[in-house]
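Working notes, structure below.
Count residues from 1 along the sequence. What you see is a predicted model, and the numbers here were worked out from it, not measured in a lab. Heavy-atom basis, side chains included; hydrogens, waters and symmetry copies ignored.
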Amino acid sequence: MDEGFEKIFEKKWAIVGFNRCRAIDIMLGIEKTCGKTVYKKFNNKHELRTEFTDGTTLKWVSASESSRGIKFGRMWCDKKIDREIFDLVIMPSYFGEYEDIVWV
């Protein structure tokens, strides 16, 4: 991976897949253990997103066609994700290393 892209997306994190309730639980766990301070949280019917004081954002991304174009550099992914959606939609948006994906 080009180091320039890694730098650009290193502060964009994503929770990929999962239902809304499970995504909230995972996000809370990350917020508590990542060592960063939460600045703002958005929880409405259209999005789940956390902003940290250092500029990092953590966002819930559904595993669907509508997720195209959402770029991120760190990922926690549903291990039950549809493989075709993962390969065609999610992986082109991920700018980290495959080995660094956290499968939940």
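One finds the SG atom of Cys34 at 8.0 Å from the CG atom of Asp54 (value rounded to the nearest 0.5 Å). Separating the CZ atom in Arg20 from the CG atom in Asp25 is a distance of 12.0 Å, to the nearest 0.5 Å. Taking CD1 from Ile15 and CD1 from Ile26, the interatomic distance works out to 5.5 Å, rounded to the nearest 0.5 Å. Put simply, CD on Glu51 and NZ on Lys59 are 10.5 Å apart, with the number rounded to the nearest 0.5 Å. Note that CD1 of Ile101 and NZ of Lys79 are 14.5 Å apart. Values are rounded to the nearest 0.5 Å. In this structure, CD in Glu97 is found 13.5 Å from CZ in Arg74, a value given to the nearest 0.5 Å.
Side-chain contact between Thr57 and Lys40: absent, with no pair of heavy atoms (C-beta onward) separated by less than 4.5 Å. Between Val38 and Phe52, some side-chain heavy-atom pair lies under the 4.5 Å cut-off. Within the 4.5 Å cutoff, the side chain of Val104 has no heavy atoms near those of the Asp78 side chain. Thr50 is listed as a side-chain neighbour of Met27, based on a closest heavy-atom distance under 4.5 Å.
The two residues Gly29 and Thr33 make their nearest non-hydrogen contact at O-OG1, 2.8 Å. Closest of all the heavy-atom pairs between Ser62 and Ile90 is O-CD1, 4.3 Å.
A 6.0 Å sphere centred on CD of Glu47 holds more than 12 heavy atoms belonging to other residues, nucleotides or ligands.
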Take Phe95 and Glu10 through the test side-chain contact (heavy atoms from CB on, under 4.5 Å) and record every step on the way to the result. CA-CA 8 Å; Phe95 287 89; Glu10 70 184 6; over 6 Å; no
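No single ILVMFWY cluster, assembled from side-chain heavy atoms under 4.5 Å apart, contains both Phe42 and Leu58. With hydrophobic clusters built from ILVMFWY side chains whose heavy atoms lie under 4.5 angstrom apart, Val102 does not share a cluster with Met75. Leu48 is not connected to Val16 by any chain of hydrophobic side-chain contacts under 4.5 Å among Ile, Leu, Val, Met, Phe, Trp and Tyr, and they are in different clusters.
Shown are Phe72, Trp60, Tyr94, Trp76; of these, the ring-ring contact (aromatic ring centres under 6.0 Å, His included) with Trp13 is made only by Trp76.
Aromatic pair Trp103/Phe86: ring centres closer than 6.0 Å.
Partners of Arg22 under the side-chain hydrogen bond (donor to acceptor under 3.5 Å, both in side chains) rule, at least two apart in sequence or in another chain, do not exist in this structure. Residues satisfying the salt bridge (charged side-chain N to carboxylate O under 4.0 Å, His left out) test with Asp100, not counting sequence neighbours, are none. By the salt bridge (charged side-chain N to carboxylate O under 4.0 Å, His left out) test, Lys41 is found to be paired with Glu31, residues two or more places apart in sequence or in another chain being considered.
Remark: the Asn44 side chain and the Arg49 side chain contain no N/O donor-acceptor pair separated by less than 3.5 Å.
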